[in-house]
Every structure is written in structure tokens, then in C-alpha cells.
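Report on one structure; see the data block that follows.
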Number of protein chains: 2
Amino acid sequence: MSAHQALQLFLRKLSERSCLNQEERRAVLELEGQEVEYAPHRDIVRPGELTDFCCLIISGMAARFGQLPDGTRQITAVYIAGDMCDLYSLMLPKVEWALQALSSRLVLLKVPHRKMQDIVHAYPAVAEAFWRDCVADASILSQWVVNIGRRDALMRTAHLFCELGLRIEIAGLGRRTAFQLPVIQSQMADALGITPVHMNRVIRALRQQGLLTVQGRDVQVPDWNALAQAGGFESGYLAIDQRWRTLA
Amino acid sequence: MSAHQALQLFLRKLSERSCLNQEERRAVLELEGQEVEYAPHRDIVRPGELTDFCCLIISGMAARFGQLPDGTRQITAVYIAGDMCDLYSLMLPKVEWALQALSSRLVLLKVPHRKMQDIVHAYPAVAEAFWRDCVADASILSQWVVNIGRRDALMRTAHLFCELGLRIEIAGLGRRTAFQLPVIQSQMADALGITPVHMNRVIRALRQQGLLTVQGRDVQVPDWNALAQAGGFESGYLAIDQRWRTLA
DNA sequence: CGCTTATTTGAACGCCTTCAACGTGAGTGG
DNA sequence: CCACTCACGTTGAAGGCGTTCAAATAAGCG
């Protein structure tokens, strides 16, 4: 995918929740930045740093990591192509988390805060769309707290596969019943708050129950409704199919 | 506390992270709404509802709840006096969570979205401050995912007591070493993703280690640094002591 | 005081972790 | 072309943290 296609995808995601007119849409599409490729485990953003850019994912996947003193990690957000990750940093440039590549090849567009501020300043409705994007991101985060806090490992896993499948489908990068997930099991474990060993057992259990097959990066969901039920998944928190605009 | 005092507290919290001029500050202080008292377990906001107001807490505590089909609940955010809870709803009026009183007497100011939109429209810097407040809230949420995902019950609990103590101190409602927490143990358990029974045992363990004493609603922290270390607490994620303003 | 709700403690169970080992596939260099 | 390496995936067994169930005590509130 090209930078321009990623911007179009980003705009489409914004437009799913916010109403933007022709001029505002053009402003988003005209965002510019530096195109960079990252290898896994390379920090895009380091905790404690002052950030001066946002990252639009062109291809691959990235994640936000929280880290404990003893080195154990917890993924707090997963981003796919067309996601503007770390939009938060526009409001709080001093970030408290790390941003890293998940997939082996991650290409992203580093858009300077300066340029983001320019269109936020010029177009209040775009600012609102960005704000709403942050809120939608927080809504997902909120759901993750519920998952990790109150569901067992099997439900959590089923739920995460549902979320990722649906987000990938909405982005037009695959179908919820068959998609590519360029992520290894220990990364999934880091997202779910379990150990890699147990992650493996849970995936096996899901396979044995006919809910999921994972071969390499290839995810197949034979019966999506069954998986959604096993994970207690309800898509409402993704805040899709509802558009808002409070500014004139 | 009065509605006006709560607004002043809210403004002070905003001002800790955002720069606002005299006029913008006045606009915030002039927010109006309906003053309402809620009993515990009474829903302020119900999941799936369309909300048309934000809640400023005048006194008491409230929480955001995620709920599973089987009835188990997970608290995803805790709010104290001066917090504008559900600021999110200004961007996504269709909320996916419940908002309820924690304390026996919760008084809040229901500010209509209409009035919030007015000042957001009139003062871009206030909009930015609100946006930043949402991001700060999400930063806390992010930390909660790390806590629940990767720390054992004792660390989690210590961490939450540190966070609440510090937030209460910053709001001027107590000291981090001695404060009132109008919350029962099973609610704490709901916030930490553990059972009430285990919550009780963990609090006992903290007491036996000399880190914490809880008697009724009265929390005493003999050695705050020790508690912070036990919980791996670092205050950075609360995004205090750092002010930003991107708009002119 | 009597009722309800919250706290506290005990004992058994179970999900998940931990540690350890083996299998497997892709990439590399001899 | 094959052995080597290394990271990932897979499986087994034992142990621990937290749950579950049950009951007793304490505390709030009419």
C-alpha cells in the first residue's frame, strides 16, 4: 500500500464516525510526512520521550506497549493499516508508553505534529474528528480492561480475534472469517495478559472447538457467530456505523 | 462542596495540563446544569443509551462500568470531585458503558451537551483542553490495562491506592498518606479484576506488611514510598505537571 | 434492637504459570 | 545441498495465585 492509499483509508475511518466536508477531507488527504520502515522490536516511540510526530500505518501492524520494571510487557493497543497511531501524542507529547512494530515489515508515515496542528487549527471539524478518534480508541481500551479483568483466557482470545477480524474487514484488508495476522503467539499473549505457553493452549482449544484455525499468519474463522458468542463479543464499542458532528 | 467550587476544581485540573486565558477560564466557570443526587447502584448513564449531558462531580465518587452478559462487572474508570465524567460522550453520545455512583451520596452537575458544545465552538483552546482531558483519561485507562494484565493482586491494589491517593491530593481533597475512600471492598475488587473475597485478603496482606490501613472509609498510608514501590507506581501516566497548548 | 449489608476467615478447587523439553520451519553458511 | 542455528510452536508435569463455596462476625441504619 502507498502513503496516499493509507491516507484515504485513514480518512475513511474518520468519516465512519465524523462528518467532514469536501475541503476538510482534502486537508486530511494532503497530510505529508516521512515514510519509514521499522523492524520488529525497534522502538518507534520510547516511553518518557517527547514526541513530535504521529504515525500513520501504511502496511503491517504496530502496538502500544506498557512495560514493567522487570521487563514483562503488556500491549495496550494494536494498530493496523490506515490507523493513525499515537494521535494521543498530539495532546500529550510526553508519552508514557512504547510504540513498536508487531509485524516483520512495518511501513509508516511519520506526520509531524506541526502539520497536524496546522489542519487542526484551520479546520475545527477535523480537530473534532481527531478528538473523536481518540475517544473511539479509548472506548476500545475500556473494553480491553473488561476483557482482561473479567473474562477467562479463552473468552479473551476469542474476543480479540473478533475485534481484529472486524477491524480488518472494515478497513478492507480482509474478511472477518479469513484474514492475515502478522503476529506471533507471544505477542498475542502480551495483548491478552497471559503467558505465551497458555496462549498456545488456548489457540489449540479454540481449534478443537472448531472456532478458529491459525496456521502461520493465516487466520480462518469457520463460524464467526460462534466465535463471537464464545468471546461475548458485541461490536458496539468499536463505534462504527454512527456519525457525529457537533461543530458547525 | 458547591457546584461553583466543583467547576473551579474542574478548571484547575484542566489548567494543570492545558493553558487557558482569562476569557476561556471564565467560560468554563460559567457552565451551568442541573444539580442531582444519585444513590449507589442507580444508573446515571445506561449502556446503549444516547446521552445528552456530561457529569461534573460535586461530591462523592462515581465509576464507569463494563458489564458482561452473566452480570459480572468491571470498573474501567473512577471519578472524584471536580472530574467531568463521561466527557467522552460529547464525541460519542451513544455510550457502551454504565455510569454509577460509588459512594452513598453522589452529587453531580449534569451539564447539557448543548452548553458544552457552545463553549467548544466559541473557544478552540477549551475544546483542546477537553480533548486533552480525554487523552489523559485514556492514559490512565492504558495504565489500568497494564496493571490488570501484568501485575498480581497485591501490586495492583497498591498501585490503585497510590493513584487514588495522588489524585485526591492533587484535587485538594485529602493527602496521599491519609484520605477518605467512600468505596466498599467489592467495588475495589470490581476495579481490579479480582473477587471481593480476595480483595479482602490482599488488603489484610498490605496491612500486615505495614503498607496500608483501611478502617471503614478511612485510608492511612504509613510509608507512601514503600507503597509506591510495592505497586510499581510511577505517576507519569497521570500527565500532571506538564502544560500544553497547540492552538493559538 | 433487628434487619440488611459489609467484612472476615476457612477449605477445596481450578485456571494459569512456571520450568523443562522437544518438534518444526525458515534462513544461513559451509 | 545439507547441516547448523535460532526463533517459534507445541506439549507435559508440578505448583501457586486466585476463585468458589460456605459460614461466622462486624458494622451500618431504620
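Residue numbering restarts at 1 for every chain, and letters A, B, ... go by the order of the sequence lines.
- Computed from coordinates, the A:His198 NE2 to C:dG14 C1' distance equals 11 Å when rounded to whole Å.
- A rotation axis mapping the C1' atoms of four pairs onto the next four is fitted at both ends of the helix from C:dC1-D:dG30 to C:dA21-D:dT10 over five pairs, and the angle between these axes is 40° to 10 degrees.
- The nearest whole Å value for the distance from the CZ atom in B:Arg150 to the C1' atom in C:dT17 is 11 Å.
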*Kindly indicate, with the supporting measurements, whether the criterion side chain to side chain donor-acceptor pair (under 3.5 Å) is fulfilled by B:Gln209 and B:Arg204.*
CA-CA 9 Å; B:Gln209 294 181 27; B:Arg204 177 177 55 177; over 6 Å; no
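- Distances shown here put a side-chain N or O of B:Gln185 below 4.0 Å from the OP1 or OP2 atom of C:dT8.
- Between the CD1 atom of A:Ile194 and the P atom of C:dC16 there is a distance of 8 Å, rounded to whole Å.
- Residues A:Arg73 and A:Gln100 have side chains that bring a donor and an acceptor to within less than 3.5 angstrom of each other.
- By the 30° and 60° cut-offs, the orientation of the rings of A:Phe161 relative to A:Phe179 is tilted.
- Atom CG of A:Asp70 and atom P of C:dT17 are 14 Å apart (whole Å).
- The base of C:dT18 sits within donor-acceptor range of the side chain of A:Arg201, with an N or O pair under 3.5 Å.
- Between the side chains of B:Thr76 and B:Arg64, at least one donor-acceptor pair of N or O atoms lies under 3.5 Å.
- The distance between atom CG of A:Asn200 and atom P of C:dT24, rounded to the nearest whole Å, is 14 Å.
- Along DNA chain D, the stretch of nucleotides lying under 4.0 Å from any heavy atom of chain B spans, 5' to 3', D:dG18 to D:dC21.
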*asked:* Show, in sequence, the C-alpha distance, side-chain angles and deciding distance for B:Glu163 and B:Trp144, and conclude whether the side chain to side chain donor-acceptor pair (under 3.5 Å) test is met.
replied: CA-CA 10 Å; B:Glu163 178 186 315; B:Trp144 280 38; 3.0 Å; yes
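- A side-chain donor-acceptor contact under 3.5 Å links B:Tyr79 and B:Asp137.
- Using the six-membered ring where Trp is involved, A:Tyr237 and A:His159 have ring planes that are parallel, under 30° apart on the 30 and 60° scheme.
- A salt bridge links B:Glu49 with B:Arg46: the distance from a Lys NZ or Arg NE/NH1/NH2 to an Asp or Glu carboxylate oxygen falls below 4.0 Å.
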